[in-house]
Amino acid sequence: MAVTPIKKVEEKTIDKAAQVMIRRAEELGIETVHHRYEKMQPQCGFGLLGLCCWFCMMGPCRIDPFKVGPTRGICGVDADTMVARRVLFHIANGCAAHGEHAFHVLETFKETIKHSSEGKQFPYKLVDEKKLRSIAKRLGIPDAETKPILELAAEVAKKIEEDYIRTTEETLNVLKAYSIDKRRRVFEKLGVLPRSIWREVFEAMHRIHIGVDAEYRNILLHGVRTALADCYAMTIATELQDVLFGTPKPIESYANLGVLKYDDVNIVVHGHNPLLSIKIVEVARSEKAQKLAREVGAKGINVCGICCTANEVLMRIGVPLAGNLLHQELALATGAVEAMVVDYQCVMPAVAEVARCFHTKLVTTMPVARIPGGIHIEWRAEKADEVAEEIVRLAIENFPRRIKERVFIPDIKSKVIAGFSVEAILEALGGTLTPLIEAVKRGDIRGIVGIVGCNNPKVPQDKGHVELAKELIANNVLIVGTGCWAIAAAKAGLMTLEAQSLAGDRLRKILEALKIPPCLHMGSCVDNSRILVALNAIADALGVDIPDLPVFGSAPEAMSSKAVAIGTWFVAQGVNVHLGVIPPVLGSEAVTKLLTEDLEKLVGARFIVEPDPKKAAEIILEHIDRKRRALGLST
Ligand code: BF8
């Protein structure tokens with residue numbers, strides 16, 4: 001297939017490996033997300049403003065932003081309601097994604113307890129007893145420090161399950177366990193305490209149905225409630241994954257497409273849920289599998305990752321990162337991948353098309369996520385070891401089919417230190433937050449910014465992520481983050497000790513003393529919950545509420561519904577959130593004003609939209625200094 005080349009590849013991505021691979025893909029006639037993005041131009045102006053609606057079959061309807069054409073949909077819906085409904089749809093969509101992920105982990109956790117209690121073999125174990133006891137303690141379970149572990153685990157599972165199935169007006173056990181009093185009171189006053197994870201998504205879908213909620217404020221308030229349900233669903237995923245796989249500690253690895261190997265069987269794990277990918281790594285590292293690989297002529301087996309599954313297996317067991325969202329097709333275009341194994345979320349169906357151009361097997365593994373062109377080998381908790389073995393064997397047997405002349409791997413990769421869970425950060429600080437808080441008070445750390453979120457082909461890949469982070473660290477701001485940002489920062493070398501040299505003088509001294517990079521990799525997107533745990537602890541230690549802290553959140557390249565949900569709950573928790581991509585809300589002045597101004601009066605924070613990373617850094621620094629002054633700290 002002939003592909004129209006991208007005119008200026010450096011305008012699509014700042015990542016050199018990606019630039020090379022986009023051209024390589026063009027040579028091979030492979031279309032990528034960037035080519036499809038170009039073909040899609042111009043994108044629908046109504047859609048970009050949030051002014052189209054397809055929620056019923058009288059539609060689709062669109063509202064004219066210039067008020068020359070229709071100013072209402074066929075049912076009479078106005079621009080404010082139309083835009084607000086779409087925002088709520090995204091939040092519910094994001095909450096459903098994280099909620100399902102967490103639920104699958106909960107089911108596995110419960111199965112693990114059941115099998116262990118019966119003394120039966122099971123692929124998973126309660127690996128981190130200390131973490132389990134700390135979760136139980138937070139949840140208020142009596143004798144959390146001394147109770148027999150399986151008994152305690154069963155009580156934790158029950159408390160968490162209640163947060164899915166509750167039918168009363170009580171709020172989530174996990175919210176009560178993981179929020180500070182000051183915030184809980186704000187949520188209560190606003191009437192946005194979530195009741196159950198399922199119920200808030202259910203209610204959201206009801207409200208956006210034709211002829212239900214037509215008052216934009218009421219719709220968006222439920223958006224906040226659903227986003228908070230999302231927040232604590234993510235907390236469940238993180239916490240239980242730590243129990244099953246261990247709480248991350250600093251660990252070294254590499255990032256970018258150069259982690260693929262010419263002589264190895266390459267397996268790329270992709271998606272979000274580590275339940276299967278961790279098993280694949282375990283099997284691939286076994287002597288039995290390595291021997292099989294040598295028998296087919298490979299030197300060994302190399303597992304690497306894309307997107308948040310990559311972050312999960314990096315943080316826990318040091319698996320290298322092949323790349324973030326916009327690297328998924330490019331990894332396959334190397335022709336060096338024997339199998340791409342996907343679970344769910346952010347897996348573009350296009351990977352099947354690229355795999356088809358080579359010998360690559362695309363393996364889907366989750367019942368909710370099949371892709372035409374993929375081989376489906378379904379994960380089940382009880383047979384996870386066998387499934388992982390089958391997939392690794394499939395990849396090994398595929399190695400001899402690799403066409404060597406078609407293989408091209410860009411020789412580009414960076415070192416990365418990851419694994420900064422809250423527990424690991426505390427350990428680096430000597431077991432207490434005090435040194436961090438003192439550094440903030442002195443101004444050695446001017447503020448803390450969480451940068452998170454996706455890539456989006458609307459903006460150059462990684463540019464916003466990397467430029468914003470560099471600008472802020474140069475101004476003595478410590479950066480923490482997750483998701484595709486974390487992968488961008490890793491690829492750019494910002495997660496190394498060498499990157500300390502990019503920090504401002506005052507921050508650099510702290511980083512050198514603690515032996516940590518200026519950008520701390522805190523994990524996958526569900527691990528944004530770790531950032532919140534840290535913020536709660538800092539606010540508590542200072543005796544203030546989260547909006548009082550010199551902190552900020554940013555998603556410079558936001559793309560998915562999950563990002564909308566996460567951004568909304570960060571704002572609800574009192575953290576201002578910067579977006580580098582304009583969200584589809586400008587069709588309603590009222591909704592735009594609510595999100596970027598009025599929310600501050602309700603929850604103490606708001607959204608800020610600024611595509612230019614330099615200008616965004618100025619806004620963030622100005623906010624940080626304002627908060628420092630309000631706390632009586634030097635600026
Ligand atoms: O959950 S950052 S593109 S991979 S949605 Fe997806 Fe966005 Fe990447 Fe992880 Ni998060």
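Both ligands and their constituent atoms are indexed starting at 1 by order of listing.
Listed by chain and residue number, the protein contacts of ligand 1 are H272, C307, C308, L325, C346, G453, C454, C484, C525, M559, S560, K562 (heavy atom within 4.0 angstrom).
Not counting sequence neighbours, F202 has no partner by the side chain to side chain contact (heavy atoms under 4.5 Å, CB included) test.
With hydrogens and angles left out, the side-chain atoms of K470 and H465 include no donor and acceptor closer than 3.5 Å. Looking only at atom types and distance, the side chain of E312 has a donor-acceptor partner in the side chain of S524 under 3.5 Å away. Residues N273 and D343 bring no donor and acceptor atom of their side chains to less than 3.5 Å of each other.
Put simply, the side chain of S196 gets close to the backbone of Y164: a donor and an acceptor are under 3.5 Å apart. At distances below 3.5 Å, not a single donor-acceptor pair connects side-chain atoms of N93 with backbone N or O atoms of S561.
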